[in-house]
2 protein chains.
Amino acid sequence: MNLKQLSNILGISQTTVSRALNGYPEVSEKTRALVLAAAQKHNYLPNTKAQALATGKSKMIGFVLPMASQHEMLNPIFGDFMAGAAQTYRTQGYDTHFALTENNKQAETYRDMHAKGSVDGVIVQAPRENDERVAILKELGLPFVVHGRATGKNDYHYVDVNNTHAFINATNFLLDLGHRRIALINGNEELDFAIRRNHGYTQALKDRGIEADPKLMFSSEMTEHFGYETMNKLLAMDQPPTAAVASSYTLAIGIRRALGENGLRIGKDFSVVIHDDDLSYLRNGEAQPVFTATRSSIREAGQLCAQILMDVIDKPDQKPKQIVLEAQLIVGSSTGPVPQ
Amino acid sequence: MNLKQLSNILGISQTTVSRALNGYPEVSEKTRALVLAAAQKHNYLPNTKAQALATGKSKMIGFVLPMASQHEMLNPIFGDFMAGAAQTYRTQGYDTHFALTENNKQAETYRDMHAKGSVDGVIVQAPRENDERVAILKELGLPFVVHGRATGKNDYHYVDVNNTHAFINATNFLLDLGHRRIALINGNEELDFAIRRNHGYTQALKDRGIEADPKLMFSSEMTEHFGYETMNKLLAMDQPPTAAVASSYTLAIGIRRALGENGLRIGKDFSVVIHDDDLSYLRNGEAQPVFTATRSSIREAGQLCAQILMDVIDKPDQKPKQIVLEAQLIVGSSTGPVPQ
DNA sequence: AATTCTTTTCAAAGCGCTTTGGATTTGCCA
DNA sequence: TGGCAAATCCAAAGCGCTTTGAAAAGAATT
């Protein structure tokens, strides 16, 4: 069923049918009702491709996920983020165009998407320092919103968590409990968020006159295994730390496993504060949080990014919208005073 | 840059340029080289919308994810599955059209996608018994592949894990170790895979003359919390089981937490076999598996589904391709003989 | 009833591509 | 050199929609 057929059935021109459907005022309410009813009845929906071609708008948002070929490690947060975003798009008739790309070809993928006219805007994930994608998207004039911040220049739209502050808080919380040797188990420090968390951690220690000890600082992909392995290394030290801040829930699961295997109780013998993205399928407890954490919903970030992006698509030339979310410190049972 | 402009630059007709680009034989290799070079130079890529309109093929695969409004629980496996699928699509120029939908409106979303002409085929996830989506897609004539099986009729393409067999194996493994009271911690038993796992578990017990005890069988959404809660319930029993089979890694994390808090060692005091989807961001150990598990890569399933779907789009009328993957039993350190 | 102004409708062009059917050029042979 | 087939190329139609500019119908004014 297409426009032509529908208009034939109705005995009305395509123009009028199209206008009736799209809510233009130049059509009487009577015929509009007629058209709407017929469309409903015949299950007619405009062909998006034709619509896109005619209007020049694809009503699609691009979402590019790098394959991260090294370890085949897919960003575990992307599902929730994307769902949050898609949920918001829907309200305005946008859908998501999802593309996988090799790790170092993200920029190229955006360029192609634009050249092929398949999206009206894109979201940039996990920015690095002076991320090239930002430059390219600007050059192309393709609307975009960054989830996170690409250090360097700041003249674009973004939604980010205040990572520095979150990790200052997390570290302070442990310091207040009396801990002095505190480890950092961080994500890959090529990524902006990890850099900021490192800064927060270092800063908090410094403010209490403690020099951050590089031997207590670890950074890699945030897997359960990395958490496990690192915790084992820490326990094997001559003078093990009494606490750690970790960048994700998955890391914490590994940490807890290592502690358990060594007969140590989390929150008693060793304290852990994590950053909790509030993933829908990996909740940090239900009513009561399991781990003490700085929490910030990744899904909410997705919603905000989507909101801004749609706004920018609508009105391209506005001054950068920049949202920094504060993570909430929630206290679970993974922390306690320094064991005597 | 579009075809017209490109052909003007070259001083060649649009027809020839289009044909050169699409590898038709009616164009000399010399001009083809010329065209290709120019396209490259001017960063030309055909507008997908126009292409889709002209050819009637959108080169898009639909992927519908229910929001699961109740608990906002997003299927944690979907990321890996989708990535596997997308990886395969790419090789043949397909991209993914991703849409969120309310839980009970999946069928409608497929119908809309078809009416709007935005996809050439779709993948159906997490089928239920006699899933309505299958019927609708057949009626629409929209190519589809089911990931899993919708019990009921079997006249469609699918890729599934042999869930029954996997759980027979898992249960047998524990029986062989001497366990007799074995719990089942399963996913939501409205879903086909969970039903089959239940059958496998029940069957294995029965084959050893053991009646499955409903008090040891639990089923819900596969969250860490559900695993934790259930394990606590089990431990509180008069006569607790000595082992459990669990349907996912996330459940196992909760189980381990409960055991740890009760001072019990997994694999010594209590044995657990899980089903492991081999998620990229939640690996069950690296070189050595942590949990004894029936393992089947969800990413691989995604790849297979994609492969079949593209094939079916190409040649719609073929007899159902049905692949049943056997899960591999891998032995980790979460199982051991019955404690004395 | 004649004129003007609104309201409602329509035909046709255009979005950027593919593809059919026909035209032109080239190569080969006699 | 002429003739014919094969190799190249092209103009134009069509995919399903939106939108412009104009026409037809209806309402209002004199």
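All figures in this text were calculated on a predicted structure; none of them were measured in a lab.
- Between Glu26(A) atom CD and dG21(D) atom P the separation is 13 Å, expressed in whole Å.
- With sequence neighbours excluded, no residue forms a side chain to side chain donor-acceptor pair (under 3.5 Å) with Lys319(B).
- In this structure, the side chains of Pro46(A) and Leu3(A) stay at 4.5 Å or more apart for every pair of heavy atoms.
- Contacts of residues 91-99 of chain A with DNA chain D (heavy atom under 4.0 Å): none.
- Remark: Glu29(B) engages Arg32(B) in a salt bridge, criterion side-chain N to carboxylate O under 4.0 Å.
- Across all their heavy atoms, Arg111(A) and Leu140(A) have their closest contact at CA-CD1, 3.8 Å.
- Salt-bridge check for Lys105(B) with Glu102(B): passed, with a basic side-chain N closer than 4.0 Å to an acidic carboxylate O.
- Side chains of Gln106(A) and Asp131(A): a donor-acceptor N/O pair is absent below 3.5 angstrom, by distance only.
- Rounded to whole angstrom, the span from the CD1 atom of Ile12(A) across to the P atom of dT7(C) amounts to 19 Å.
- Contacts of Phe81(B) classified as ring-ring contact (aromatic ring centres under 6.0 Å, His included), with partners at least two apart in sequence or in another chain: His147(B).
- Taken over five-pair windows at either terminus, the axes of the helix from dA1(C)-dT30(D) to dA30(C)-dT1(D) are inclined to one another by 50° (rounded to 10 degrees).
- Side-chain contact between Arg149(A) and Tyr156(A): present, with at least one pair of heavy atoms (C-beta onward) separated by less than 4.5 Å.
- Residue-level contact check: Thr31(B) touches the backbone only, with heavy atoms under 4.0 Å from sugar-phosphate atoms and none from bases.
- Pairs of residues two or more places apart, or lying in two chains, that qualify as side-chain hydrogen bond (donor to acceptor under 3.5 Å, both in side chains) and include a residue from residues 45-64 of chain A are Ser58(A)-Asp120(A).
- One interatomic measurement links the two molecules: CG of Leu34(A) to C1' of dT9(C), which rounds to 14 Å at whole-angstrom precision.
- Using a 4.5 Å heavy-atom cutoff, the side chains of Val124(A) and Leu137(A) are in contact.
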**Asked** How does each nucleotide of nucleotides 13-19 of chain D score, in 5' to 3' order, for protein heavy atoms under 4.0 Å: base (B), sugar-phosphate only (S), or none (-)?
**Response** -BBBBBB
